[in-house]
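This report concerns only the one structure given below.
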Amino acid sequence: MPTSTEPANAHVVLHNCTVLDTEKGALVQGQNILIAHGRIEKVSPEPIHHPAIQAINMNGTVVMPGLIDCHVHCVASSLNLGQNASLPNVFATLKSLPILEGMLYRGFTSVRDAGGADWSLSEATRTGLVKGPRIFPAGKALSQTGGHGDFRQRNDLMEPCACSQKVGSISRVVDGVDAIRRAVREEIQKGATQIKIMASGGIASPNDPIHFLGFSEDEIRAAVEEAGNAGTYVMAHAYTPEAIMRAVRCGVRTIEHGSLINEKAADFMAAAGAFLVPTTVTYEALARDGAKLGFPAASVAKVEAVRSAARLALAIAEKAGVQVAYGSDLLGETHSYQADELRIRSKISGNAQAIRSATTVAAAVLQQQGKLGVIQPGAMADLLVVDGNPLEDINLLLGQGAHLKAIMKDGAFVKNAL
Ligand code: ZN
Ligand code: ZN
């Protein structure tokens, strides 16, 4: 039931829209859309007459569903994740607010947070307390000692890590099957909508080469079982074919990055029905701006190993029939490149498929098919009004939302220049 803290959801009719059908990758002209109580109630070529409504003549302008980014870190206000983790909690929270607002104004009305954001941020944007996208938070990503979520330096004491209490930390260190079970239960209890694990080495962390495997198979299976018990799933950071196949074999549902995937691993993922969430744009941003923006030197050196492989990974996965969803994984000042992943995808897969990755495929990742990523009755009223046809010109969706004439989230306009 709506509460008094939720944004007002008046009835709105958008007359004469050209609707972008994300599944078909086609435009449908002459559509009228009725929006009420935050949902799309009706999409019809027949005129919609409704009392007590705001009616807007769209004159054939393109309307598409809000974009979905399946891999973000809302609290990553710094490129140095170790420093980010040591920010005082209130400051870390405040620094995430402009990041959230930026995402929304770029047209991303839903995001899946891959480590850092929690129930509080999700609730703050849901209720309109804070401007930002709908957030599906993973809470703290789980990492083994020395893994991709362990930002302690080599000379730090290996005493219990305070990471789980730090707002600015994207992850927490946990080792052993029982400890994993407890950590998953805690993150679920705190409001995580899915569980994130670090199943291989990575770039942004100090002491874990990319080829390292994260967690034992027993630990991964324990995380998958506990997530499954709560009706949800595990997303795993994994780069190499070995790390990818091992995670999928243990029941992981979505592979994050996957930049070094080969045909064998791609076939394995496709057969298992696992999703791939590549994050190509972050490597480009880090290679270009990382050093000058304070990305640690040890991490800058790791970027090149995956940057060139990442574009290839996308093509390999799509050829094998893996469902590929949109991810950006940007940190600190590079968040402004969030929509640039669309440009990279469109060059490899075409505009329609790039848009699909950020709408219908992303909605499947979120287990929100029919509710997000589409304009149809019953879907949440997250809409973008675009100044042109993005199936022909993907640039209309790039940058900071300059070509979005209006953005609606949950049936309320957050931008309206109509
Ligand atoms: Zn990662
Ligand atoms: Zn990430």
Side-chain angles (χ1 to χ4, degrees), residues 68-82 84-85 96 99 103 108 111-118 121 135-144 146-151 163 168-173 187 192 194-215 220 223 234-240 243-244 246-247 252-261 275-286 290 295-296 298-299 302-303 305-307 309-310 313 325-332 334-335 337-338 341 362 365:
I68 304 167
D69 189 338
C70 288
H71 193 122
V72 301
H73 297 282
C74 299
V75 302
S77 55
S78 165
L79 252 69
N80 187 323
L81 290 175
N84 207 80
S96 70
I99 294 173
M103 290 174 175
F108 290 88
V111 298
R112 186 178 63 152
D113 193 282
D118 64 359
L121 283 185
I135 303 171
F136 293 81
K140 300 291 182 221
L142 309 186
S143 162
Q144 68 173 38
H148 180 53
D150 187 349
F151 293 96
C163 48
S169 175
I170 67 157
S171 49
R172 59 188 284 191
V173 175
E187 294 303 335
Q194 69 284 333
I195 294 299
K196 167 81 178 293
I197 65 166
M198 304 302 199
S200 84
I203 294 171
S205 44
N207 299 315
D208 56 319
I210 283 160
H211 66 86
F212 275 21
L213 296 175
F215 292 122
I220 299 175
V234 172
M235 55 190 294
H237 160 110
Y239 275 104
T240 59
I244 292 166
R246 185 168 165 271
V252 166
R253 182 166 173 266
T254 77
I255 295 293
E256 310 302 306
H257 320 303
S259 313
L260 303 176
I261 197 169
F275 291 85
L276 182 67
V277 184
T279 57
T280 324
V281 67
T282 199
Y283 312 128
E284 301 210 342
L286 291 173
F295 199 50
S299 297
K302 289 175 167 183
V303 172
V306 294
R307 191 172 77 95
Y326 194 88
S328 61
D329 197 26
L330 293 155
L331 311 171
T334 66
H335 271 113
Y337 297 118
Q338 185 178 22
E341 179 80 13
V365 165

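Start at 1 and go down the list; that is how both ligands and their atoms are numbered.
Leu81 is not listed as a side-chain neighbour of Ser205, based on a closest heavy-atom distance of 4.5 Å or more.
Note: angle at the Zn ion (ligand 1), from ND1 of His237 to NE2 of His257, is 90° (rounded to 10 degrees). Geometry note: the Zn ion (ligand 2) is the vertex, His73 NE2 and His71 NE2 are the arms, and the angle is 110° (rounded to 10 degrees).
The distance between the ring centers of Phe212 and Tyr239 does not fall below 6.0 angstrom.
Ring geometry for His148 versus His237: interplanar angle under 30°, hence parallel rather than tilted (30 to 60°).
Checked options Asn207, Asp208, Val173; the residue passing with Asp150 is Val173 (criterion: side chain to side chain contact (heavy atoms under 4.5 Å, CB included)).
Taking the N/O/S atoms of Asp329 in turn, the shortest distance to the Zn ion (ligand 2) belongs to OD1.
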